[in-house]
Amino acid sequence: MQWEPVIGLEIHVQLATKSKIFSGAANRFGAAANTQACAVDLGLPGALPVTNEAVLRMAVKFGLAVDATIAKRSVFARKNYFYPDLPKGYQISQYELPIVHDGRIRIELRDGAVKEVGITRAHLEEDAGKSMHEDFPGFTGIDLNRAGTPLIEIVSEPDMRAAGEAVAYMKKIHSLVRYLEISDGNMQEGSFRCDANVSIRPKGETKLGTRTETKNINSFRFVEQAINYEIHRQIAVVEAGNEVFQETLLFDPVKNETRPMRSKEEANDYRYFPDPDLPPVVIDNAYIETIRAQLPELPEQKRRRFMDDFGLSEYDSSYLTASKDTADYFETAVAATKGEAKLIANWIMSELSAALNRDNIDINVARVTAEMLAGLVNRIADNTVSNKIARQVFGAMWRGEGSADDIIEKQGLKQVTDTGEIEKSVDEVIAESGAQLEQYRNAPPEKQGKLVGYFVGQVMKKSRGKANPKQVNQLLSAKLKNLGRG
Amino acid sequence: MSFNKTTVQDIAWLARLAIDDQSIAGYEKDLTDILALVERMKKVNTADIQPLAHPLEIDTQLRPDAVTEENQRDDFQKIAPAITDGHYLVPKFVE
């Protein structure tokens, strides 16, 4: 039988605020344990939560960017469960009335097709603390610095039909929250993580199968692996005549498998109810419109503008706008040249991206800055260096040897455009290449063009790549033509 | 809907309440009575009434995004039964 996977994602995004969602404690990663956990975060008796205005603003920003409905009235609710890193015995979240609902986002698939994924809701909530099982023999250590960190949980519709689609969606949301500057999106530090809901059904069936939920996946690669593992596991279960149970799973990237996290006997009953400490959040149209007016340019708008303003292809524009950092790098570099957009784009997509991949670093900390790349492209544009030499200069810049101009000057890489000097090399090469010249003379005219290549190569070698290839070609062709007649 | 012994025990477990066997019958009756009241209330026509999220007619107060709390870890940890390297210690549990 043909099976169709059905996938929905719940993405947790930590918001980049200065302070926590309900307290004035610092929201900063990496502080010493429990130094950023105040009375509210610890759930000490008598401490009361007060909502951070920035958190609300960020949620509305996100909602507007995914074309969603913004709730004028939303309500914080208590989600009750017991866990050692949840001091209050409940997590403050939103349940029946989330701040954002009914949005959508466009994703591009690997084959170039475009698909729309529905966003059911996005609600605000607080993060829990962290449990350390390793460092305290016989005990678990609890660090509550993360308790109260603002999160927005983005719940998609079950609109995805393959692991690749889920990854494309996750990347799109990741790019968007970075564009909106509401999160640093740092996946290693847990700022951006996701739960994957997966079920299967016979192709053509419209009813949903029983789903499993794989929790806390913190990389794009693991999402793809976990979903693919789960799809194959479920198909094997059903084809063996058994049933898929609704359960919560954890993905183990080392073994590349999912395994049950909580047994179904203890299926959680969260007993949500409105938090009496927090009256409803009420906002008006004016508030929403103020935020709309402050929205930055979004990926889609940027992509169009790059095509219109810089004459880039759709492919190039999509590549350059996929992340805000890359788009910013591109624009900064182009601004420092005389409109060499296409050249800059090519260098970012080839040499720069190869170097970034090789050293596994992000573009915003690239060793060749946008200004440095622009400096190099300017020397290509004014014929100071050829493309080939430019790659050599780029390598030297990457190694920290200075600016393009410094390196060209120091290493004497300036392209030779002095006709007299090139002509001298051409004459030398012709004099040294008796056999090849003979071959050239005896060749039929249609084959002669190909034989010129040898001479060009020798002249370029003699000039250590610095002779202007175009001039070399012109001079050689003219001279050989004359000799050929002789 | 009415309660039996198992539902009472389940609810007690969810709330981590230790109740002794003799009191279960009493809870069964009390909880069943509460649900009976809910059943009566359900008969009231509430079509045009917004659900009540909070008894007070006020909106939430917001605070500006600023760090106003200082590190008071030493004070807070004075009441903790066990701490090491700034961590609160609890009996080991692993998912």
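Letters A, B, ... mirror the listed sequences (proteins, then strands); counts begin at 1.
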Measuring from atom [atom1] of [X] to atom [atom2] of [Y], what distance do you get when rounded to the nearest 0.5 angstrom?
X      : Y      : atom1 : atom2 : result
B/H87  : A/N145 : NE2   : CG    : 8.5 Å
B/L14  : A/F82  : CG    : CZ    : 9.0 Å
A/F139 : B/I83  : CZ    : CD1   : 12.5 Å

- Derivation of the side chain to side chain donor-acceptor pair (under 3.5 Å) call for B/D65 and A/T17: CA-CA 7 Å; B/D65 180 24; A/T17 53; 4.6 Å; no
Per-residue contact mode, [X] against chain B (heavy atom under 4.5 angstrom):
X      : answer
A/R57  : neither
A/I21  : backbone
A/F22  : backbone
A/V75  : side chain
A/S23  : backbone
A/R73  : side chain
A/A37  : backbone
A/D135 : neither
A/L97  : neither

- Does any heavy atom of chain A fall under 4.5 Å from the side chain of B/I58, the backbone, both, or neither of them?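 Contact with chain A: backbone and side chain both.
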- Message: Can you give me the closest heavy-atom contact between B/Q61 and A/V50, atom names plus distance?
- Response: O-CG1, 3.6 Å
- How far apart are the closest heavy atoms of A/L44 and B/I79, and which atoms are they?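 That would be CD2-CD1, 4.5 Å.
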- B/R63 and A/T51: CA distance, side-chain angles, deciding distance, side-chain contact (heavy atoms from CB on, under 4.5 Å) verdict: CA-CA 6 Å; B/R63 60 175 179 83; A/T51 309; over 6 Å; no
Would you find a donor on one side and an acceptor on the other, under 3.5 Å apart, between the side chain of [X] and the backbone of [Y]?
X     : Y      : answer
B/T60 : A/P279 : yes
B/H54 : A/L278 : no
B/K92 : A/H133 : yes
B/R73 : A/A33  : yes

Step through the shown structure and confirm whether more than 12 heavy atoms of other residues, nucleotides or ligands are within 6.0 Å of [atom1] on [X].
X      : atom1 : result
A/Y287 : OH    : yes
A/Y95  : OH    : no
B/D20  : CG    : yes
B/E70  : CD    : no

Determine whether [X] and [Y] make a side-chain contact, defined as any pair of heavy atoms from C-beta on separated by less than 4.5 Å.
X     : Y      : value
A/S19 : B/E69  : no
B/Y88 : A/L144 : yes
B/L62 : A/N52  : no

May I ask you to name which of [options] has the most heavy-atom pairs under 4.5 Å with chain B?
options               : answer
A/E96, A/K20, A/R28   : A/K20
A/G129, A/A54, A/C38  : A/C38
A/M132, A/R271, A/Q36 : A/R271

- Would you call the rings of A/Y83 and B/F93 parallel, tilted or perpendicular, where under 30° means parallel and over 60° means perpendicular? perpendicular
- Query: What's the verdict on side-chain contact (heavy atoms from CB on, under 4.5 Å) for B/F76 and A/L42, showing C-alpha distance, side-chain angles and the deciding distance?
  - Reply: CA-CA 9 Å; B/F76 291 140; A/L42 296 175; 3.5 Å; yes
- Message: Under the criterion side-chain contact (heavy atoms from CB on, under 4.5 Å), I'd like the reasoning laid out for A/I142 against B/L89: C-alpha separation, chi angles, the key distance, then a yes or no.
- Response: CA-CA 6 Å; A/I142 306 290; B/L89 295 190; over 6 Å; no
